[in-house]
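Contents: one structure, followed by commentary.
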Amino acid sequence: MKYQSIKGTRDVLPQEQKYWRFIEKTIFRITERFGFERVEPPIFEETALFLRGVGETTDIVEKEMYTFFDKGDNSLTLRPEYTAGVMRLYLQNGLHVAPKPVKLYSIGPIFRYERPQAGRFRQHTQFNVEVLGEQDPAVDLEVMSVAWQLYAELGFSGLAFQLNSTGCPHCRPAYIEQLKEYYYHHQEAICGDCKRRLERNPLRLLDCKVETCQEISAGAPVIHNHLCIECRDHFATLRLYLDTLKRPYRINHRLVRGLDYYTKTVFEVWVEGIGSQNAMCGGGRYDGLIEQLGGKPTPGIGFGSGIERMILGMREQNIEPPELLRPFVFVAHIGQAADLKAIELIADLRDIGIAALMSFGNRSFKAQMREANRLGVDYAVILGDEEMVNQTATVKNLSTGEQQSLLFDQIVPMMIRMQKHTDKKS
RNA sequence: GUGGGUGUAGCUCAGCUGGCAAGAGCACCAGAUUGUGGCUCUGGAGGCCGCGGGUUCAAGUCCCGUCACUCACCCCA
């Protein structure tokens, strides 16, 4: 084989489309219900936006971006996440003067140069939600509720939020100092990765999977004891809201997120069985980001959810999305006159909105019937020598096997009636 | 970037300790039914056994290299 898809990318084939259709429809329905509006920034932006927006020392920026120079020698990058681009869109298009909060969502591809594995690709699709301009914890709840409602309506069971607060610029630095202080005392015992984390991203120390490191992290200072009053209140109120709605969640002190811009609330939703990358969505609050990108101080919160991971999760939980609609009529034809009539007939049917197909080439009648069956149509219209002589068509109901003879003029009206009939049933 | 696993028909996979003119199921095509699908039966088409080298009388099978895929780590949806 000469060409194959790029590492970490995947083809979406017809048999998977029912998942995509189902998920997209559910997203549209829920975002509408929650009062979100769709925006789509371009797939690539100037590289500097992501450097600033995501954070220069994050893994995403340091090693995962698809960056290239265009013919004008501009450094461009395929978006490695949605938020920075949406913030740019928000500022550039004057949405910051719109009534607050501004509630936006997007659906599209994300690119990261990573080693692929189960549930992780170099191109994946994200459903992304952002709410700008309101710091009320009720907005945190609202954003989390979009994710919750989506997974519930997709049919997932047994899900729970992982929840944490990572503090804010007022309280986090002091906490991180204490954390580092603690770890400096255990420097001998921690793994190589953790030694790096200690210098570069101390919060991640808590998340290490190495057993000996976990023992150490178990004794580490907990951020909740170091939150400032504002952060503590915010977190407590959010918990009150979640409790009121009886939404299951687990406080996870180890939940930290890799992007620099998060403040206060961070959350994920996990699903088992899709490999070790089990987070179906991840997000949190980023109250300082807009300011960092040149806007006025504006609170914000959002999350991204991987559609490929939703599909993996649905498969794992044996959730069957609705089947796509099948074509309604198939026209089988034998002989030249019938061929012309078939072409005319499917055109007429399609004009009035009925999904009609015909056989191509000179296939045997039997083969055409097999094809009709395989396509899953409700009716086969048969045009053969006899029919052409009588100016009639034989219409066969493929589920009951009944068939009747109709004048040409009666076929389209009959199909309209039959389709309405089946619509009612389903 | 690091470590493990796997590469045989379109898909899922058998091929044990080297002896294969290379198999099965599904899918595809055709026939049984000369104008009637699904079920069944019969037949057909479809493979440089990832690629390159080596060992051997003999390699899909053993060895080396290489590429690809895959799982896991880092990190993330």
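Just so we're on the same page: letters track the sequence lines, and every chain starts at 1.
Regarding contacts with the backbone of B/A72, a side-chain N or O of A/Gln117 is found under 4.0 angstrom from either OP1 or OP2. Residue A/Arg374 has no polar side-chain atom (N or O) positioned under 4.0 Å from OP1 or OP2 of B/A27.
Map A/Gln126 and A/Asp385 each onto its nearest nucleotide of RNA chain B; the residue landing nearer the 5' end is A/Asp385. For A/Ser305 and A/Ile382, each mapped to the nucleotide of RNA chain B holding its nearest heavy atom, the one lying further toward the 5' end belongs to A/Ile382.
When distances are taken from the side chain of A/Glu387 to each of B/C75, B/G35, B/C29, the shortest belongs to B/G35. Considering only side-chain atoms of A/Arg309, the nucleotide from B/U36, B/C74, B/C76 that sits closest is B/C76. Nearest nucleotide to the A/Arg370 side chain, out of B/G35, B/G37, B/A77: B/G37.
Counting non-hydrogen atoms under 4.0 angstrom, A/Arg363 reaches the backbone sugars and phosphates but no base. Among the heavy atoms of the strands lying under 4.0 Å from A/Gly401 is at least one base atom, whether or not backbone atoms are also near. Contacts of A/Leu398 with the nucleic acid, taken as non-hydrogen atoms under 4.0 Å apart, include base atoms. Among the atoms of the strands shown, none is found under 4.0 Å from any heavy atom of A/Asn128. Contacts of A/Glu371 with the nucleic acid, taken as non-hydrogen atoms under 4.0 Å apart, are absent.
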Atom pairs and distances, donor-acceptor, side-chain atoms in residues 352-371 of chain A, under 3.5 Å, two or more places apart:
unit_1: A/Arg363; atom_1: NH1; unit_2: A/Glu371; atom_2: OE1; d: 3.0
unit_1: A/Ser364; atom_1: OG; unit_2: A/Ala367; atom_2: N; d: 3.1
unit_1: A/Gln368; atom_1: OE1; unit_2: A/His333; atom_2: N; d: 2.8
unit_1: A/Gln368; atom_1: NE2; unit_2: A/His333; atom_2: O; d: 2.9
unit_1: A/Gln368; atom_1: NE2; unit_2: A/Arg363; atom_2: O; d: 3.1

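Judged purely by atom type and a 3.5 angstrom limit, A/Ser305 uses its side chain to pair as donor or acceptor with the backbone of A/Met280. Panel note: side chain A/Tyr182, backbone A/Ile216; a donor-acceptor pair is recorded below 3.5 Å.
A/Lys103 has no carboxylate O lying under 4.0 Å from a charged side-chain N of A/Glu37, or vice versa, which leaves the two without a salt bridge. Checked for salt-bridge contact, A/Arg52 and A/Glu46 miss the test: no charged N lies under 4.0 Å from a carboxylate O.
Shown here are the side-chain contact (heavy atoms from CB on, under 4.5 Å) partners of A/Pro299, two or more places apart in sequence or in another chain: A/Gln135, A/Arg285, A/Asp287.
For the contact set between residues 104-116 of chain A and RNA chain B, defined by any heavy atom under 4.0 Å, the members are A/Arg112, A/Glu114, A/Arg115.
In this structure, B/A59 makes no Watson-Crick or G-U wobble pair, since no nucleotide meets both defining distances under 3.5 angstrom.
When each of A/Tyr286, A/Tyr105, A/Tyr90 is checked for a side chain to side chain donor-acceptor pair (under 3.5 Å) with A/Glu130, only A/Tyr286 meets the rule.
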